[in-house]
There are 2 protein chains.
Amino acid sequence: MNDIETLERSRTMVIDAIAQNIDLYGLTPSAGRLYGLLFYSNKPLTLDEMKEELGMSKTSMSVSVRSLLDLNMVEKVWVKGERKDLYSIKEDWYECFFDFFTIKWRIAITMNNSAMEKSIAKLQQLIDDPQTSDKIREQALIDIKKLEERLEYYDWQNRLIDSFETKEILNFIPIEKKKD
Amino acid sequence: MNDIETLERSRTMVIDAIAQNIDLYGLTPSAGRLYGLLFYSNKPLTLDEMKEELGMSKTSMSVSVRSLLDLNMVEKVWVKGERKDLYSIKEDWYECFFDFFTIKWRIAITMNNSAMEKSIAKLQQLIDDPQTSDKIREQALIDIKKLEERLEYYDWQNRLIDSFETKEILNFIPIEKKKD
DNA sequence: TAATACGTACAGAAATAACCGTACGCATTA
DNA sequence: TAATGCGTACGGTTATTTCTGTACGTATTA
């Protein structure tokens with residue numbers, strides 16, 4: 001095995017691992033391989049270069065890049081005199097990790113929160129309605145209690161994500177260099 | 001609309017929201033609906049009851065329950081005199097949230113970590129090999145630097161998850177009751 | 001203004017996953 | 001030991017997602 005082949009093989013091994021685990025971020029393995037390619041690339045790449053490198057269609061590259069852009073894992077860079085769009089990886093891993101929660105988790109929590117608050121309001125109406133049977137009123141009270149516990153939990157999650165967004169979490173779990 | 005219908009509708013709204021967002025945990029919407037059903041259920045349910053309630057096959061229930069068990073979102077409970085397996089939701093949301101990272105994220109981090117450490121070892125061999133060209137040696141050094149930065153990041157992630165696993169994170173982001 | 005080239009919507013094809021019904025291994029009961 | 005009934009592995013089917021090639025809107029250049 002020659003030296004360049006060894007280097008390539010070393011990279012492929014890492015890229016495969018990244019591609020396999022990137023589903024934690026809700027991304028496809030293809031997007032993961034693209035991310036790995038950008039991880040190793042020493043310069044920003046165009047869609048055509050990605051297409052060439054990964055042997056996939058330009059459309060797929062366009063889609064994958066956008067999904068990575070949506071999560072702030074990749075950024076569009078502007079280079080003087082270059083007509084094509086260029087993309088490179090976001091170097092700040094921590095920022096990227098925090099953004100993921102700020103983007104994806106926050107939305108999910110907000111949706112659940114909203115549904116539960118609406119639900120509580122409806123149940124309260126039901127309880128206040130004199131026509132409601134005792135049986136149902138009792139169950140509505142139980143449901144409200146459950147939902148309110150859950151809302152407390154979402155509030156906690158939001159506060160955790162706040163600490164990500166403001167990076168205050170780094171006061172608690174600091175970025176410390178391993179070898180000092 | 002009668003009272004029982006209103007109650008049901010209130011529940012469905014919440015269950016739909018949960019089912020829609022549970023993909024953050026790598027689960028299918030079906031598993032999410034099952035989770036919602038268990039959320040509202042006041043007693044542990046058997047596979048047959050779930051099947052009946054959701055109008056799905058018993059096989060699907062079996063698979064969904066297991067995926068929820070794997071994430072510690074649901075637990076098997078034993079009831080005297082009952083031959084069937086009974087399942088109920090894990091009430092401790094925080095524990096469940098922490099377990100998710102301890103289970104899923106830890107594995108992913110470990111895999112990536114391992115691939116990168118192996119990769120670094122190979123690259124180091126390549127650098128030490130006198131037959132390696134200068135060009136490749138230079139690139140190998142660049143790659144090693146990138147990988148080591150990444151390993152530092154994974155170390156940070158591991159420390160964050162440690163604080164989840166030990167619940168020390170609650171010292172930083174406390175569970176405080178909203179209305180006091 | 002005309003020409004060129006870029007990135008993406010769109011629709012069909014390929015791959016993947018979700019689901020169901022059957023059948024089986026295993027445990028509990030009689 | 002025989003009989004009953006549980007949960008799950010397996011294979012086929014359906015549904016969903018992923019990918020590709022074409023075609024188009026838009027922006028830049030001449």
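As the structure is a prediction and not an experimental result, all values here were calculated from the model. Each chain gets a letter, A, B and so on, in the order the sequences are listed, and its residues count up from 1.
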* Structure fact -> Heavy-atom contacts, protein to nucleotides 12-30 of chain C, under 4.0 Å, summarised as B (base), S (sugar-phosphate only) or - (none) per nt, yield ------SSBBB-----B--
* To do: Starting at atom CG of A:Leu69, determine the distance to atom P of C:dG7, rounded to an integer number of angstrom.
  => 12 Å
* Figure out the CG/C1' separation between B:Asp48 and D:dG7, and round it to whole Å. => 10 Å
* **Residues clustering with A:Val79 (ILVMFWY side chains joined when closer than 4.5 Å, directly or via others)** => A:Val77, A:Leu86
* How long is the line joining CG of A:Asp85 and C1' of D:dT28, in whole Å? -> 12 Å
* **Angle of first-five versus last-five pair axes in the helix from C:dT1-D:dA30 to C:dA30-D:dT1, to 10 degrees** => 30°
* To do: Write down the distance between CG (A:Asp23) and C1' (D:dT18), rounded to a whole number of angstrom.
  => 15 Å
* Between A:Gln139 and B:Asn42, do the side chains contain an N or O donor and an N or O acceptor separated by less than 3.5 Å? -> yes
* To do: Check whether the ring centres of A:Tyr94 and A:Phe98 lie less than 6.0 Å apart, and answer yes or no.
  => no
* Do B:Tyr154 and A:Trp93 have their ring centres less than 6.0 Å from each other? -> no
* To do: Would you kindly confirm whether A:Tyr87 and A:Val63 end up in one hydrophobic cluster when ILVMFWY residues are joined by side chain heavy atoms under 4.5 Å apart?
  => no
* To do: Scan side-chain atoms only and decide if B:Gln157 and B:Tyr153 contain a donor-acceptor pair under the 3.5 Å cut-off.
  => yes
* Asked: Should A:Met56 and A:Leu34 be counted in the same cluster of Ile, Leu, Val, Met, Phe, Trp and Tyr side chains packed under 4.5 Å apart?
  -> yes
* **ring-ring contact (aromatic ring centres under 6.0 Å, His included) between A:Trp156 and B:Phe172, intermediate numbers included** => CA-CA 11 Å; A:Trp156 178 85; B:Phe172 187 63; over 10 Å; no
* Structure fact -> Atom CE of A:Met50 and atom P of C:dT8 are separated, to the nearest Å, by 10 Å
* Return yes if a side-chain donor-acceptor contact under 3.5 Å exists between B:Tyr40 and A:Asp143, otherwise no. => no
* Structure fact -> note: A:Arg66, atom CZ; C:dG7, atom P; distance rounded to Å ~ 12 Å
* To the nearest Å, give me how far apart NZ (A:Lys51) and P (C:dT8) are. => 14 Å
* Rounded distance in Å - CD (A:Glu49) to C1' (C:dC6) -> 14 Å
